[in-house]
Amino acid sequence: MSAIEVHPDPQQLARAAAGHIARIAAEAIAARGRFTIGLPGGSTPRLLFTLLSNLPWVRRIDWEHVHVFWGDERCVPPDHPDSNYRLAHEMLLRNVPVPAEQIHRIHGELSPAEAARTYEQTLRTFFPEDTPTDPQPRFDLLLLGLGDDGHTASLFPGTPALTETTRWVAENYVPRLDSWRVTLTAPAINAAAQVIFLVSGAAKAEAVQAVLQGPLRPSAYPAQLIQPRAGQALWLVDQAAAALL
Ligand code: 6PG
């Protein structure tokens with residue numbers, strides 16, 4: 001079961017997302033002195049990043065105590081137009097005082113396998129103290145997008161990374177895009193304390209309905225793999241994306 005919030009339009013959706021992020025960040029920093037967030041790629045987060053970069057939101061998050069990660073990355077250099085890191089850097093990270101050493105990007109300039117191995121090592125080094133007996137990448141919050149084909153992160157329909165059960169990070173060739181990606185695996189995403197899907201636009205309506213209300217077919221709709229161990233995912237959608245619910 002997932003929790004769903006429907007907001008009238010993309011602007012109000014972004015404001016709602018900013019509110020959830022600020023709340024979760026404050027709780028995490030109060031409890032553990034830090035807030036670990038995984039960002040999505042794609043275009044949907046643009047409005048949110050702009051909001052978070054400006055008043056009032058830029059003052060509502062204690063950026064000095066934020067650690068930034070990504071749910072996935074394209075296998076391109078960090079200055080490439082397709083880079084998820086570049087998008088976040090240009091629209092958010094260069095506008096807020098997150099210390100550089102607290103920005104943990106996926107090194108898309110490496111080979112896919114090396115980028116995946118390096119990022120997994122980064123996560124295993126960063127998260128061991130959370131659960132020493134059963135280490136898990138327990139992000140305070142993972143923000144995810146949804147593709148119109150039901151993918152999330154870079155877990156695309158029918159691709160090998162969908163069946164990964166032990167690695168936290170996998171390289172994943174996506175035939176539909178004829179390109180390599182690096183992605184958190186479903187077990188890694190499901191280890192997060194909170195997962196929020198941010199979905200906007202009519203083009204996503206069929207995928208939202210299929211993922212949330214259709215039969216369980218995770219190979220066809222990989223977002224169905226996301227069932228966080230700590231509790232239900234929150235779906236933040238605008239009315240256009242929720243039209244078929
Ligand atoms: C990526 C993302 C991917 C994205 C969806 C939605 O690297 O592209 O992580 O999972 O969130 O494809 O993308 P849009 O927001 O552009 O529709």
Side-chain angles (χ1 to χ4, degrees), residues 10 13-14 17 21 37-53 67-96 98 100 102-123 137 139 141-162 164 167-186 188-189 195-204 207 221-223 225-226 241:
L13 177 68
I21 293 168
I37 183 172
L39 299 179
S43 58
T44 302
R46 286 174 173 271
L47 268 178
L48 171 62
F49 290 167
T50 301
L51 265 185
L52 293 176
S53 297
H67 285 258
V68 180
F69 299 83
W70 277 264
D72 69 321
E73 184 56 278
R74 289 81 180 279
C75 290
V76 296
D79 59 353
H80 190 283
D82 291 348
S83 166
N84 292 337
Y85 163 79
R86 173 176 160 173
L87 173 75
H89 177 261
E90 290 192 346
M91 300 205 69
L92 174 61
L93 298 177
R94 67 179 174 181
N95 305 320
V96 295
V98 176
Q102 293 176 198
I103 296 173
H104 311 276
R105 72 179 180 89
I106 300 170
H107 289 253
E109 67 276 19
L110 302 175
S111 72
E114 189 57 19
R117 193 197 63 73
T118 304
Y119 191 52
E120 175 141 354
Q121 190 53 53
T122 298
L123 297 180
F139 295 96
L141 174 61
L142 268 182
L143 268 184
L144 295 174
L146 180 74
D148 58 9
D149 61 354
H151 81 263
T152 191
S154 284
L155 299 171
F156 283 81
T159 58
L162 298 190
E164 178 56 55
R167 293 170 72 188
W168 293 2
V169 183
E171 64 279 10
N172 200 30
Y173 178 71
V174 184
R176 173 187 152 197
L177 304 174
D178 188 22
S179 66
W180 283 91
R181 298 284 188 93
V182 173
T183 186
L184 289 181
T185 58
I189 294 171
V195 172
I196 293 179
F197 282 90
L198 185 65
V199 191
S200 173
K204 307 295 177 69
Y221 293 101
L225 291 170
I226 309 311

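We're numbering straight along the sequence, starting at 1.
Residues meeting the side chain to side chain contact (heavy atoms under 4.5 Å, CB included) test with A17, sequence neighbours left out: L48, L198, L236. Listed by chain and residue number, nothing satisfies the ring-ring contact (aromatic ring centres under 6.0 Å, His included) test with W168 (two or more places apart in sequence, or in another chain). L51 pairs by the side chain to side chain contact (heavy atoms under 4.5 Å, CB included) definition with A14, R15, A18, W57, not counting sequence neighbours. Here Y119 pairs with nothing under the ring-ring contact (aromatic ring centres under 6.0 Å, His included) rule; sequence neighbours left out. Contacts of A170 classified as side chain to side chain contact (heavy atoms under 4.5 Å, CB included), with partners at least two apart in sequence or in another chain: A161, R167, T185. Annotation: side chain to side chain contact (heavy atoms under 4.5 Å, CB included) contacts of R46 (sequence neighbours excluded): S43, L87, M91. In this view, Q102 satisfies the side chain to side chain donor-acceptor pair (under 3.5 Å) rule with no residue, not counting sequence neighbours. R86 pairs by the side chain to side chain donor-acceptor pair (under 3.5 Å) definition with E90, not counting sequence neighbours. In this structure T122 satisfies the side chain to side chain donor-acceptor pair (under 3.5 Å) test with no other residue, sequence neighbours excluded. Scored by the ring-ring contact (aromatic ring centres under 6.0 Å, His included) test, F69 finds H104, F126, F127, F139 as partners (sequence neighbours excluded). Residues meeting the side chain to side chain donor-acceptor pair (under 3.5 Å) test with S111, sequence neighbours left out: none.
In this structure a side-chain-to-backbone donor-acceptor pair under 3.5 Å is missing from S83 to D79. Panel note: side chain T183, backbone S154; a donor-acceptor pair is recorded below 3.5 Å. In this structure, the side chain of D72 does not engage the main chain of R181 through any donor-acceptor pair within 3.5 Å.
Rounded to the nearest 0.5 angstrom, L225 CG and L155 CG are separated by 6.5 Å. Interatomic distance, CD1 of I37 versus NE2 of H67, reported as 13.0 Å (0.5 Å rounding). Between the OG atom of S200 and the CG atom of L47 there is a distance of 7.5 Å, given to the nearest 0.5 Å. For the atom pair CG (L144) and CZ (F197), the distance works out to 5.0 Å, reported to the nearest 0.5 Å. The structure places OG1 of T44 at 8.5 Å from CG of L13, a figure rounded to the nearest 0.5 Å.
Counting only heavy atoms from C-beta outward, the side chains of I103 and Y85 approach each other to under 4.5 Å. A 4.5 Å side-chain heavy-atom check between L184 and L123 finds at least one atom pair inside the cut-off. Contact check for L39 versus V68: side-chain heavy atoms found under the 4.5 Å cut-off. You'll find the side chain of L142 stays beyond 4.5 Å of the side chain of I226, heavy atoms only.
Contacts classified as salt bridge (Lys or Arg N to Asp or Glu O under 4.0 Å) and involving residues 104-122 (residues at least two apart or in different chains) are given here: R105-E109, E114-R117, E120-R124.
Side chain to side chain, Y221 and D149 fail the donor-acceptor criterion of an N or O pair below 3.5 Å. Side-chain atoms of T159 and N172 form a donor-acceptor pair, as typed in the model, at a separation below 3.5 Å.
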